[in-house]
2 protein chains.
Amino acid sequence: MKITRDNGKTARSPVSRVTKLRPKPKRATVGRPRKVDGSVIAADRILDAAEDLFSKRGFDGVTMREVAILANVDAALAHYYFATKQGLFDAVLERRAELVFSERMEAFDVYEATQGDKVTVEGAVATFVIPLLERARNGDIGWKNYFRLIALVNNDASHVAPSIMSYFDPLVHRLITVVKRALPDTREEELFWCFHFLTGALTLALSRTGRLDRVSGGLCRSDDLASIEPRMVEYCAAGFRSVCTHDRKPATK
Amino acid sequence: MKITRDNGKTARSPVSRVTKLRPKPKRATVGRPRKVDGSVIAADRILDAAEDLFSKRGFDGVTMREVAILANVDAALAHYYFATKQGLFDAVLERRAELVFSERMEAFDVYEATQGDKVTVEGAVATFVIPLLERARNGDIGWKNYFRLIALVNNDASHVAPSIMSYFDPLVHRLITVVKRALPDTREEELFWCFHFLTGALTLALSRTGRLDRVSGGLCRSDDLASIEPRMVEYCAAGFRSVCTHDRKPATK
DNA sequence: GTCTATAACTGGATAGAC
DNA sequence: GTCTATCCAGTTATAGAC
């Protein structure tokens with residue numbers, strides 16, 4: 001999983017730099033390691049802080065110093081562990097990716113094993129969406145930040161996005177496959193369009209921007225995932241069913 | 001419309017600075033003014049360049065120098081016209097906001113005048129969404145960039161977002177009102193949740209991130225708004241109808 | 001592993017000549 | 001209006017001492 005940001009501004013100066021040649025201490029970013037005096041160790045505090053800040057302000061809106069301050073470590077330590085800001089960003093994204101992925105994949109295993117031939121659109125959408133929303137809802141603040149960051153990245157038109165998101169592609173194909181079993185006569189294209197709308201709704205839900213709170217006059221809160229969950233499943237399932245059962249011309253129109 | 005970004009890093013130094021006290025040349029950012037030697041004048045080129053870059057990399061991902069270079073003007077000129085980077089950002093957002101707003105508002109006027117009592121959910125959703133998608137589809141590159149920027153801002157969890165988005169709130173209320181006429185027994189809450197999903201789908205569509213292209217193996221292109229338009233209307237209308245006609249417990253569950 | 005110090009820049013902003 | 005020349009705070013990143 002490699003994510004690079006390299007617009008002009010970040011470009012290195014003409015003079016040769018040693019950056020990247022330094023033998024960085026390649027500390028794997030797996031698991032939650034040993035504790036130190038009862039609290040989480042530094043590297044993880046740094047990841048937590050970075051997760052928090054990046055999720056709110058994006059890559060460029062955050063400085064290494066801010067991260068270090070929030071993590072309560074020395075500024076140089078973040079570089080010691082993650083070498084570059086980009087490295088830190090990647091590490092944050094990677095830290096929870098595998099767990100999320102396998103958890104959602106298993107949900108599909110269970111669903112398909114349980115339902116056999118009787119899969120439904122609702123079931124497929126719920127399987128795709130619920131493990132994720134549950135973590136976003138019941139997880140600690142770190143999880144909430146992580147998903148906001150994922151949302152931010154998913155919505156990013158620059159090239160920071162691609163890499164991690166494509167890591168989740170198999171899940172999308174799994175969703176498509178199951179929905180297709182529920183709606184056999186649908187063209188793949190339509191399924192992908194519907195997925196697109198689903199993802200958009202999901203992304204905004206995970207961002208918890210607060211706009212809904214304001215426009216609804218406090219009637220709805222964008223962080224009320226308990227209310228969002230059943231409605232989103234129903235909304236999207238209905239959408240899939242409607243779009244996919246209508247005949248439509250094959251191509252772009 | 002005031003949008004401020006003020007995380008620590010941008011904070012001014014303790015020493016008093018004259019920033020903001022300078023008598024900035026308050027050039028209004030309205031209309032498309034006189035031309036100069038056959039091409040668009042500098043201020044507009046700056047806005048175009050900023051629109052382009054901000055829409056792709058966000059506020060912090062862009063430097064004033066980059067904007068100036070892309071606009072083919074001197075770096076100091078951007079400051080001359082817009083005083084601060086934030087001022088430039090705001091000006092970009094404001095430039096097209098009023099036109100978009102009134103265009104969409106008029107669409108509702110026409111729709112309601114035409115349909116009388118026979119408003120439908122499809123009709124309401126289409127009225128909300130189509131004027132915008134049409135511009136995003138048929139407009140020049142500037143319009144495409146503008147809408148991507150709007151999407152980016154709509155998805156932003158930091159406080160850069162609120163201001164312009166709430167400028168469009170009346171449109172949201174208009175949508176809710178019309179849908180309510182089509183589905184009279186619906187609780188407002190449900191309508192706002194559905195709007196939330198609609199907005200999410202719309203936001204992602206306007207971002208044109210290219211992720212859909214990859215995950216679908218080229219079957220769908222995220223910038224193919226001609227295909228998106230009818231499907232999004234149908235998808236969201238079905239969602240509204242399904243969620244809003246199901247009885248559900250009043251509150252958060 | 002952790003902190004101090006600092007190199008080597010970048011970026012926003014402005015004064016003041018044309 | 002436009003451009004040159006800066007100012008200077010803040011930024012990433014890295015030695016090198018503890």
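To find a chain, count down the sequence lines: A is the first, B the second, and so on, and within it residues start at 1.
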Judged by nearest nucleotide, the residue sitting upstream toward the 5' end of DNA chain D, A:Arg65 or B:Ala42, is B:Ala42

Could you check which of C:dT4, C:dA13, D:dT4 has an atom nearest any side-chain atom of A:Asp74? C:dT4

C:dT14, C:dT2, C:dT4: which one has an atom nearest the side-chain heavy atoms of A:Tyr80? C:dT2

Considering residues at least two apart in sequence or located in another chain, which fulfil the salt bridge (charged side-chain N to carboxylate O under 4.0 Å, His left out) criterion with B:Arg211? A:Asp169

Could you pull out all residues at least two apart from A:Asp109 that satisfy salt bridge (charged side-chain N to carboxylate O under 4.0 Å, His left out)? A:Arg174

Please produce a list of atom pairs where a protein N or O lies less than 3.5 Å from an N or O of nucleotides 16-18 of chain C.
none

Would you kindly give the [atom1]-to-[atom2] distance between [X] and [N], to the nearest whole Å?
{"X": "A:His79", "N": "D:dA13", "atom1": "NE2", "atom2": "C1'", "value": "5 Å"}
{"X": "A:Asp60", "N": "C:dG11", "atom1": "CG", "atom2": "C1'", "value": "13 Å"}
{"X": "A:Met64", "N": "C:dA8", "atom1": "CE", "atom2": "P", "value": "20 Å"}
{"X": "B:Leu88", "N": "C:dG11", "atom1": "CG", "atom2": "P", "value": "15 Å"}
{"X": "B:Leu77", "N": "C:dT14", "atom1": "CG", "atom2": "P", "value": "15 Å"}
{"X": "B:Lys85", "N": "C:dG12", "atom1": "NZ", "atom2": "P", "value": "4 Å"}
{"X": "B:Phe82", "N": "C:dT14", "atom1": "CZ", "atom2": "P", "value": "15 Å"}
{"X": "B:Phe89", "N": "C:dG12", "atom1": "CZ", "atom2": "P", "value": "13 Å"}

Please list every donor-acceptor pair under 3.5 Å in which a side-chain atom of residues 99-108 of chain B meets a protein atom from a residue at least two apart or in another chain.
from, atom 1, to, atom 2, distance (Å)
B:Ser102, OG, B:Glu98, O, 3.1
B:Ser102, OG, B:Leu99, O, 3.2
B:Glu103, OE1, B:Arg135, NE, 2.9
B:Glu103, OE2, B:Arg135, NE, 3.2
B:Glu103, OE2, B:Arg135, NH2, 2.7
B:Arg104, NE, B:Phe128, O, 3.2
B:Arg104, NH2, B:Phe128, O, 2.8

Does D:dT2 have OP1 or OP2 sitting under 4.0 Å from an N or O in the side chain of B:Tyr81? yes

As an exercise, state the distance from CH2 of A:Trp193 to CE of B:Met232, rounded to the nearest 0.5 Å. 11.0 Å

Under the side chain to side chain contact (heavy atoms under 4.5 Å, CB included) test, residues paired with B:Leu70 that sit two or more places apart: B:Ala49, B:Asp52, B:Leu53

Sequence neighbours excluded, the answer for side chain to side chain contact (heavy atoms under 4.5 Å, CB included) partners of B:Ser222 is A:His196, B:Arg208, B:Leu212, B:Asp213

Applying the side-chain hydrogen bond (donor to acceptor under 3.5 Å, both in side chains) criterion to B:Glu51, which one of B:Lys144, B:Lys56, B:Arg148, B:Arg96 satisfies it? B:Arg96

